[in-house]
> 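Handing you this structure, nothing more for now.
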Amino acid sequence: GMFDGVKTRFPWLLPILEPEYVADQIVSAVETNRAQLWLPKLILTSTWIKSLFNTNSTAKILEFLGVFDSMDDFKGRKGEAQVR
């Protein structure tokens, strides 16, 4: 798939979403003129975290959650030309 190898440290908290689900949510948001779509919904709390903590503390929280490591095992496209 498009994001093979992507992982999450806490799948129950920050799940890797299925492309079909995300596409359905995007289409629904466009059809209803929603200004923003937060997926997964827990990401909405990131604005709250950033407003409560300084940059260093926010980075440590995100590091603990594994946000910075989620693409470490990403496979990408093999054998296809890379878009520049």
Side-chain angles (χ1 to χ4, degrees):
M2 186 171 168
F3 291 103
D4 283 345
V6 175
K7 65 181 186 306
T8 179
R9 184 172 186 184
F10 301 105
W12 53 272
L13 188 61
L14 295 169
I16 303 298
L17 302 175
E18 293 296 323
E20 295 80 12
Y21 170 76
V22 174
D24 289 343
Q25 294 298 305
I26 292 169
V27 169
S28 177
V30 170
E31 290 175 343
T32 58
N33 290 324
R34 285 185 59 186
Q36 296 181 341
L37 175 63
W38 297 83
L39 293 174
K41 294 203 184 298
L42 183 67
I43 296 301
L44 187 56
T45 63
S46 66
T47 57
W48 178 76
I49 289 171
K50 290 190 322 186
S51 68
L52 285 179
F53 299 101
N54 64 33
T55 303
N56 289 337
S57 296
T58 299
K60 287 180 194 263
I61 292 168
L62 294 175
E63 182 178 10
F64 171 76
L65 292 173
V67 172
F68 301 135
D69 302 324
S70 63
M71 296 293 284
D72 285 355
D73 297 323
F74 175 62
K75 294 176 179 48
R77 296 180 185 188
K78 296 196 187 246
E80 294 183 28
Q82 295 294 319
V83 177
R84 293 180 187 217

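Computed from a predicted model, the values in this text were never measured in an experiment.
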> In Å, rounded to the nearest 0.5 Å, how long is the span from CD1 of Ile16 to NZ of Lys7?
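Here the rounded value is 9.5 Å.
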> What distance separates Thr58 OG1 from Leu52 CG, expressed to the nearest 0.5 Å?
8.5 Å
> Identify the two heavy atoms, one from Thr8 and one from Pro11, that lie closest to each other, and give their separation to 0.1 Å.
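Scanning both residues, the minimum pair turns out to be CG2-CA, 3.4 Å.
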> Can you tell me how far the OG1 atom of Thr45 sits from the CG atom of Leu13, to the nearest 0.5 Å?
7.5 Å
> Indicate, with yes or no, if Val6 and Leu65 share a hydrophobic cluster defined by side-chain heavy-atom contacts under 4.5 Å among Ile, Leu, Val, Met, Phe, Trp and Tyr.
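Cluster IDs for Leu65 and Val6 differ.
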> Can you get from Leu39 to Leu42 by hopping between Ile, Leu, Val, Met, Phe, Trp and Tyr side chains that sit under 4.5 Å apart?
no
> Sequence neighbours excluded, which residues qualify as side-chain contact (heavy atoms from CB on, under 4.5 Å) partners of Ser46?
Trp38, Ile43
> Under the ring-ring contact (aromatic ring centres under 6.0 Å, His included) rule, collect the residues that match up with Phe64, sequence neighbours excluded.
Phe10
> Give, for atom CZ of Arg9 and atom CD of Glu63, the distance between the pair rounded to the nearest 0.5 Å.
9.0 Å
> Quick one: do Leu14 and Met71 end up in the same hydrophobic cluster if we chain Ile, Leu, Val, Met, Phe, Trp and Tyr together by side-chain heavy atoms under 4.5 Å apart?
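Different clusters: Leu14 never reaches Met71 through Ile, Leu, Val, Met, Phe, Trp or Tyr contacts under 4.5 Å.
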> Applying the 4.5 Å side-chain criterion to the ILVMFWY set and letting contacts propagate, would Ile61 and Trp12 be lumped into a single cluster?
yes
> Test your reading of the model: is there a side-chain donor-acceptor pair from Asp69 to the backbone of Asp72, 3.5 Å cut-off?
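Checked: no pair found.
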> Can you tell me if NZ on Lys50 sees more than 12 non-hydrogen neighbours from other groups inside 6.0 Å?
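Counting other residues, nucleotides and ligands, NZ of Lys50 stays at 12 neighbours or fewer.
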